[in-house]
Amino acid sequence: MSDKPSKTVYITTPIYYVNGSPHIGSALTTLCCDVLARYQRMRGHEVWFLTGTDEQATKCFEAAAEAGKEPLQFVTDLAAEFRAAWDGMDFAYDDFIRTTEPRHVSVVQEVFRRLRDSGDIYKGTYEGWYCVSDETFFRDTDVKPDGLCPNAECRKPLRRVQEENWFFRLSAYGDRLLEQIEANPGWLQPEFRKNEVIAFIKQGLRDASVTRGNNGWGIPVPDEPDKVVYVWFDALINYLAATGWPTDMERYEQLWPADAHLMAKEIFVRFHATMWPAMLMALGLPLPKQVYAHGWWVGATGQKEGKRTGGLPHPLALADELAGLTGAEKSVAVDAVRYLLIREMVFHGDSEYSHEGFLKRYNTDLANDIGNLCNRTVTMASRYFEGAAPTPAGVDEEVRAFAAQAAADYAAALDEYRFNGALEAAWRLVARMNRYIEEKTPWALAKRGERGELATVLYTCLEAVRVVACLVAPVMPTASAALFRQIGMEGASATWDDARGWGLLPAAAALPAPAPLFPRIQEAPAAAAQPAAVKPAAQPKEKPVTEAPAPAPAPEGPATITYDDFAKVELRVARVLAAERIPKADKLLKLTVDLGTEQRTILAGIAEMYEPEEVAGKQVVIVANLAPRKMRGIESQGMILAADTEGQAILLQPETEVPAGARVR
RNA sequence: GGCGGAGUGGCUCAGUGGUUAGAGCGAACGGCUCAUAAUCGUUAGGUCGUGGGUUCGACUCCCACCUCCGCUACCA
């Protein structure tokens with residue numbers, strides 16, 4: 001993952017919004033980062049695994065008020081809850097950054113200052129609608145007459161606001177972003193989401209408002225304390241702030257650029273693949289090496305009419321349930337959940353969560369396959385060789401090669417974020433060994449007194465279990481340690497050389513009394529009650545992703561054009577003969593206009609401002625030589641000129657009546 | 001509306017031109033007995049969304065259509 005062995009491998013999750021308890025969605029990202037971090041450490045790399053919480057949002061402030069708590073206390077309590085959940089899931093993060101910490105606040109302000117000085121952040125005026133809940137601006141054209149938030153999941157009343165804001169010149173970075181994407185094929189992943197980013201950028205980026213009015217919460221804008229930094233602009237900077245930039249440059253050099261940003265798909269396109277790299281470009285800093293968006297867990301569809309019955313369990317609740325059903329140690333049950341989440345997931349896409357499927361796979365993969373393999377191996381070795389690992393009479397080359405191949409496949413899969421592929425590779429070895437035992441029938445060898453062969457076979461089995469213990473270590477650290485203990489290697493650490501090696505189990509190692517590592521679920525899985533869901537919509541309840549609109553008057557207009565350029569545009573006066581609404585189109589009117597020499601059909605996005613009967617009879621200015629374009633199945637043969645104020649269209653008309661078709665210049 | 005993804009045995013999925021389309025789970029049958037009623041083997045089961053086309057040959061390429069999903073969009 002890292003091309004420079006000397007550089008620390010820096011892996012991040014997004015920082016999570018502290019508006020509720022952690023759920024399976026944020027747990028998934030964090031789990032995958034944890035697995036990668038543990039794997040990279042196993043490969044001998046220095047690793048820095050960062051996660052944290054996003055606490056500067058206005059929503060947090062308001063949620064605190066509702067809860068009757070001081071805002072800082074409120075977010076501190078929730079941050080502690082996240083840490084407790086992650087600790088409970090055995091996530092070994094190296095740093096947990098909170099955006100209310102001084103080390104974050106100061107860097108955000110420094111970034112703001114630098115970009116303001118460089119002109120990448122400029123002042124503009126915004127007038128329009130604002131949703132406090134979503135912390136998002138909306139243009140008039142985005143808002144329906146009901147005055148409610150356009151976000152279907154919000155629908156709260158909007159506020160009319162007019163304020164001076166600072167804008168980030170995102171629009172200036174589209175081309176450079178596209179160049180970066182093209183020059184670095186593996187940068188944005190997976191591929192199909194990269195294509196979404198390209199489409200998003202190509203349609204044109206708008207400058208983004210990066211400040212809000214200060215209502216007592218948020219990071220104050222330098223020198224302008226009546227404003228705070230917009231929460232998204234603030235949040236992304238955490239990745240940089242955690243490195244110590246710009247004060248601890250030694251540490252920064254060791255960590256930056258990040259090797260991998262992982263996040264769920266909804267915050268990929270606009271933020272991690274667009275805004276964040278643009279911000280870094282503006283700062284003149286290197287970009288993260290890889291940005292990967294994974295999918296979501298979606299609710300089970302098994303029930304009637306395929307309806308999404310939302311409600312995914314909290315991962316720790318799932319672990320509690322497994323511990324209850326099996327009698328396993330809590331830490332082992334946590335490992336089981338870690339395994340099941342990783343194994344059942346199609347990382348790049350959405351995965352269907354099936355509670356029954358999880359429990360079933362617990363029995364098949366963990367209890368039956370790996371747990372029983374270990375148990376039967378240790379039981380036989382212990383029984384036939386007086387409680388110690390046998391000394392082999394030779395090496396089973398076929399199994400040794402098979403194990404090496406499994407390790408290679410495992411590594412290849414993890415390098416491509418195919419987590420389930422890595423586990424499949426490990427399980428191929430498990431299945432091979434269960435077959436191996438049937439083929440070799442050690443019990444028969446014991447009966448016949450073939451001690452040499454018996455020793456080799458059982459040592460081979462123990463070795464294979466050792467390799468499996470190494471391979472599962474990143475996913476199931478506790479279970480890995482338990483496997484080592486069972487084969488007489490208590491306290492052994494799993495390095496990658498151990499995973500690839502063979503014959504590393506010390507001969508005559510004392511074997512403890514065998515005990516099932518993953519006790520089976522006896523109860524029929526279908527009858528097991530599903531643990532309480534965290535909340536109805538258990539998907540990551542993320543911040544809205546609507547960007548702020550560009551300011552009304554852009555300080556710098558578009559580049560100048562020559563007169564010849566202008567002369568290409570054929571503007572003419574036309575009279576509207578008829579106007580009608582188009583079914584299912586909120587904004588479009590279909591106009592029939594008279595150009596003197598001909599009549600044309602033109603579609604115009606003015607339905608929200610003008611009734612059809614208002615428009616009919618008016619003289620308007622049209623672009624007569626614009627390429628036709630179909631909308632709503634109707635071809636528009638020109639374009640009506642209108643003034644754009646507050647997103648509303650006001651038609652332009654000649655001062656006095658002129659002949660239809662008159663040229664405008 | 002545009003762009004993109006998906007539609008393969010009961011379930012979850014793999015499979016980007018070439019013998020009888022694969023895996024896991026589930027099912028049936030059989031073996032074994034070291035083991036957590038575990039394990040191993042065998043078998044059943046798919047007109048690969050629909051209809052055309054290209055090709056000696058298509059799940060795999062092309063066209064149209066249907067269904068589901070994602071991104072984006074009604075202001076030309």
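In what follows, every heavy atom counts, from backbone to side chain, and hydrogens, waters and symmetry copies are set aside. Every chain is numbered from 1, with letters handed out A, B, ... down the list of sequences. In this text the structure is predicted, and so the values were computed from the model without any measurement.
- Residue A:Pro519 is classed as a base contact, given a heavy-atom separation below 4.0 Å to a base.
- Pairing of B:C34, defined by two Watson-Crick or G-U wobble distances under 3.5 Å, is not identified with any nucleotide.
- Look at A:Asn375 and you won't find any side-chain N or O under 4.0 angstrom from OP1 or OP2 of B:C34.
- Interatomic distance, A:Arg338 CZ to A:Leu31 CG, rounded to the nearest 0.5 Å: 5.5 Å.
- Rounded to a whole angstrom, the distance from the P atom of B:A76 to that of B:C48 is 47 Å.
- B:U39 atom P lies 7 Å from atom CZ of A:Arg520, rounded to whole Å.
- Side chains of A:Asp396 and A:Tyr436: a donor-acceptor N/O pair is present below 3.5 angstrom, by distance only.
- Between A:Trp276 and A:Phe271, the distance from one ring center to the other does not fall under 6.0 angstrom.
- Residue A:Arg383 has a polar side-chain atom (N or O) positioned under 4.0 Å from OP1 or OP2 of B:A35.
- In the model, A:Glu321 has a side-chain atom that pairs as donor or acceptor with a side-chain atom of A:His355 under 3.5 Å.
- Rounded to whole Å, atom C1' of B:G4 lies 14 Å from atom CZ of A:Phe268.
- Here A:Ala367 lies in heavy-atom contact (under 4.0 Å) with a base.
- Base pairing of B:C59: no nucleotide in any strand meets the Watson-Crick or G-U wobble criterion (both distances under 3.5 Å).
- In this structure, A:Arg270 reaches the B:U72 phosphate: one of its side-chain N or O atoms is under 4.0 Å from OP1 or OP2.
- For A:Asn434, whose side chain is taken as the heavy atoms from C-beta onward, the closest listed nucleotide among B:A76, B:U36, B:U39 is B:U39.
- The separation of B:U43 from B:A38, taken at their P atoms, amounts to 23 Å, rounded to a whole angstrom.
- Across all strands shown, A:Met380 has heavy atoms under 4.0 Å from base atoms, whether or not it also approaches the sugar-phosphate.
- No engagement by A:Asn195 is indicated, since no non-hydrogen atom pair under 4.0 Å with the nucleic acid exists.
- A donor N or O paired with an acceptor N or O is found under 3.5 Å between the base of B:C34 and the side-chain atoms of A:Glu438.
- The interatomic distance linking A:Asp365 (CG) with B:G26 (C1') rounds to 14 Å, in whole Å.
- When the P atom is used for both B:G45 and B:U39, the distance is 25 Å, rounded to whole Å.
- Base pairing analysis places B:C71 opposite B:G2; the two distances defining the Watson-Crick or G-U wobble pair are each below 3.5 Å.
- Regarding contacts with the backbone of B:G41, a side-chain N or O of A:Arg435 is found under 4.0 angstrom from either OP1 or OP2.
- Atom CZ in A:Phe200 sits about 12 Å away from atom P in B:C71, given to the nearest Å.
- Base pairing of B:G17: no nucleotide in any strand meets the Watson-Crick or G-U wobble criterion (both distances under 3.5 Å).
- B:A64 is paired with B:U50 under the Watson-Crick or G-U wobble criterion, all donor-acceptor distances under 3.5 Å.
- Only the P atoms considered, B:G17 is 27 Å distant from B:G10, to the nearest whole Å.
- Atoms CD (A:Glu196) and C1' (B:A73) sit 14 Å apart, rounded to a whole Å.
- Taking atom C1' on both B:U60 and B:U54, the two are 14 Å apart, rounded to the nearest angstrom.
- Contacts of A:Leu517 with the nucleic acid, taken as non-hydrogen atoms under 4.0 Å apart, include base atoms.
- For A:Asn372 against B:A35, a side-chain N or O and a base N or O form a donor-acceptor pair under 3.5 Å.
- To the nearest angstrom, P of B:C13 lies 20 Å from CH2 of A:Trp427.
- Nearer the 5' end of RNA chain B, as judged by each residue's closest nucleotide, is the contact made by A:Trp443, out of A:Trp443 and A:Val197.
- Looking at which nucleotide of RNA chain B each of A:Thr379 and A:Thr441 is closest to, the 5′-most match is held by A:Thr441.
- A:Trp296 places its CH2 atom 7 Å from the P atom of B:C71, with the value rounded to the nearest Å.
- Among the heavy atoms of the strands lying under 4.0 Å from A:Asp369 are primed sugar atoms or P, OP1, OP2 only; no base atom is included.
- Between A:Tyr292 and A:Phe268, the distance from one ring center to the other does not fall under 6.0 angstrom.
- A distance of about 7 Å separates the C1' atoms of B:C59 and B:U8, rounded to the whole Å.
- For B:U55 and B:C62, the C1' atoms lie 11 Å apart once the distance is rounded to whole Å.
- No donor-acceptor pair closer than 3.5 Å links the side chain of A:Asn372 to the backbone N or O of A:Ala367.
- Contact detail for A:Tyr459 and A:Leu505: the closest heavy-atom pair is OH-O, 2.6 Å.
- When rounded to the nearest whole Å, the span between CZ of A:Arg361 and C1' of B:G24 equals 7 Å.
- With C1' as the reference atom, B:G9 and B:G5 are 23 Å apart, rounded to whole Å.
- Between A:Arg376 and B:U36 there is no side-chain polar atom (N or O) within less than 4.0 angstrom of OP1 or OP2.
- Under a 3.5 Å cut-off, the side chain of A:Asp409 and the backbone N or O of A:Ala425 do not form any donor-acceptor pair.
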